[in-house]
Amino acid sequence: MDVDAVPQEGNRTMGGHRRVMYARGKDGRMVIVPSRGGEVDETVTLQALERIKEMTEEARARVQAGKTSPLEYWMYAQRLDLPQLSQVTGFWKWRIRRHFRPEIFARLPAKILEQYAWVMGITVEQLKRLP
């Protein structure tokens, strides 16, 4: 992509911020160009946000049915997925999946609950229930 082709249309999902893109300069070398985004960026971001919302509501239904713990709901509500939650908590993915089981979640020690709550920016009491 040439420097002149970098999208500068604006993207309401970026909140006025810009991001860096690499483009070919007039001399043929790659240069860093600030971009305000474009229609394609906005469409993809909105689709991703819609999918996250769907996953959050699906998790809510599973919690209400007793099939999963509130931890799964909060993970999606905070726009995280299993690999991200694993990375920020330091817990293995298999261990987090185990914590999704309501009977296991109910017995988790306070220290583990506090770790999850801290990562998600909520209290332990909020973590234990749906909003």
Side-chain angles (χ1 to χ4, degrees):
M1 174 183 309
D2 290 329
V3 170
D4 298 335
V6 173
Q8 299 293 344
E9 303 154 11
N11 176 343
R12 64 187 167 117
T13 62
M14 291 177 63
H17 295 280
R18 295 186 301 175
R19 67 182 176 119
V20 170
M21 293 188 73
Y22 291 94
R24 187 179 10 253
K26 292 178 182 173
D27 60 359
R29 294 181 152 197
M30 297 302 286
V31 295
I32 296 174
V33 181
S35 172
R36 293 187 308 187
E39 183 180 348
V40 173
D41 300 325
E42 184 173 356
T43 301
V44 170
T45 301
L46 291 174
Q47 287 174 347
L49 291 173
E50 184 60 34
R51 180 63 186 130
I52 290 170
K53 185 178 177 183
E54 290 170 7
M55 291 173 12
T56 303
E57 292 308 313
E58 290 167 3
R60 176 190 294 273
R62 285 192 299 276
V63 171
Q64 290 171 337
K67 295 180 179 179
T68 192
S69 71
L71 175 62
E72 184 181 10
Y73 167 82
W74 284 108
M75 177 182 73
Y76 292 126
Q78 298 300 326
R79 295 183 179 175
L80 296 168
D81 61 11
L82 190 59
Q84 291 170 324
L85 185 57
S86 175
Q87 185 176 20
V88 295
T89 60
F91 300 143
W92 292 56
K93 289 184 277 189
W94 67 265
R95 191 172 181 201
I96 296 171
R97 280 192 298 270
R98 188 169 184 267
H99 295 166
F100 288 166
R101 293 175 43 198
E103 65 277 8
I104 302 295
F105 183 78
R107 296 189 322 246
L108 287 178
K111 186 175 181 177
I112 291 176
L113 293 172
E114 288 168 3
Q115 178 76 9
Y116 282 128
W118 179 80
V119 163
M120 295 185 198
I122 58 176
T123 67
V124 172
E125 289 307 312
Q126 286 174 304
L127 179 65
K128 290 180 178 181
R129 56 181 164 68
L130 293 175

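- Rounding to the nearest 0.5 angstrom, the gap separating the CH2 atom in Trp118 from the OG1 atom in Thr123 is 15.5 Å.
- Rounding to the nearest 0.5 Å gives a distance of 9.5 Å between NZ of Lys111 and CD of Glu114.
- A pairwise comparison of heavy atoms in Arg29 and Asp27 identifies N-OD1, 3.1 Å as the closest pair.
- Within the model, atoms NZ of Lys26 and CG of Asp2 stand 10.5 Å from one another, a figure rounded to the nearest 0.5 Å.
- Using a 4.5 Å heavy-atom cutoff, the side chains of Asp81 and Met55 are not in contact.
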Problem - Chi angles and distances behind the side-chain contact (heavy atoms from CB on, under 4.5 Å) call for Val124, Tyr116 - result: CA-CA 8 Å; Val124 172; Tyr116 282 128; over 6 Å; no
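- In this structure, Arg129 and Glu125 approach most closely via the heavy-atom pair CG-O, 3.5 Å.
- The two residues His99 and Ser69 make their nearest non-hydrogen contact at O-OG, 3.0 Å.
- Linking ILVMFWY side-chain heavy atoms closer than 4.5 Å, directly or via other members, places Leu108 and Leu80 in a single hydrophobic cluster.
- Looking at Tyr22 and Val33, their side chains never come closer than 4.5 Å, going by heavy atoms from C-beta outward.
- Open room surrounds CD on Gln87; 12 or fewer heavy atoms of other groups in view lie less than 6.0 Å from it.
- To the nearest 0.5 Å, atom CH2 of residue Trp74 and atom OG1 of residue Thr56 are 10.5 Å apart.
- For the pair Glu72 (side chain) and Ala59 (backbone), a donor-acceptor distance under 3.5 Å is absent.
- Proximity of Leu127 to Phe105: side-chain heavy atoms (C-beta onward) are separated by under 4.5 Å at one or more points.
- Listed here is the closest heavy atom pair of Ala23 and Val6: CB-CG2, 3.7 Å.
- We find the OG1-CD distance between Thr68 and Glu58 to be 12.0 Å, quoted to the nearest 0.5 Å.
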Problem - Verdict with supporting geometry, Arg62 and Phe100, side-chain contact (heavy atoms from CB on, under 4.5 Å) - result: CA-CA 10 Å; Arg62 285 192 299 276; Phe100 288 166; over 6 Å; no
Exercise for the section: For the pair Glu54 and Arg51, evaluate salt bridge (Lys or Arg N to Asp or Glu O under 4.0 Å) and give the outcome as yes or no after the intermediate values. Expected result: CA-CA 5 Å; Glu54 290 170 7; Arg51 180 63 186 130; 3.2 Å; yes
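- With values rounded to the nearest 0.5 angstrom, Ile52 atom CD1 is found 10.5 Å from Met75 atom CE.
- Between Phe91 and Ser86, the closest heavy-atom pair is O-OG, 2.6 Å.
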Practice task
Please report the C-alpha distance between Gln64 and Arg60 in whole Å, then the side-chain angles of each, then the deciding distance to 0.1 Å, and finally whether the side-chain contact (heavy atoms from CB on, under 4.5 Å) criterion is met.
Solution key: CA-CA 6 Å; Gln64 290 171 337; Arg60 176 190 294 273; 3.9 Å; yes
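- Pro102 approaches Gly66 most closely through the heavy-atom pair CG-O, 3.5 Å.
- At a threshold of 4.5 Å between side-chain heavy atoms, the hydrophobic network of Ile, Leu, Val, Met, Phe, Trp and Tyr places Ile122 and Ile96 in one connected group.
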Exercise for the section: Please lay out, stage by stage, how Arg79 and Leu49 fare under the test side-chain contact (heavy atoms from CB on, under 4.5 Å). Expected result: CA-CA 9 Å; Arg79 295 183 179 175; Leu49 291 173; 3.4 Å; yes
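- Both Val3 and Met1 sit in one connected hydrophobic cluster of ILVMFWY residues. Membership requires side-chain heavy atoms under 4.5 Å apart, directly or through other members.
- Side-chain atoms of Met120 and Leu71, non-hydrogen and from C-beta on, do get closer than 4.5 Å to each other.
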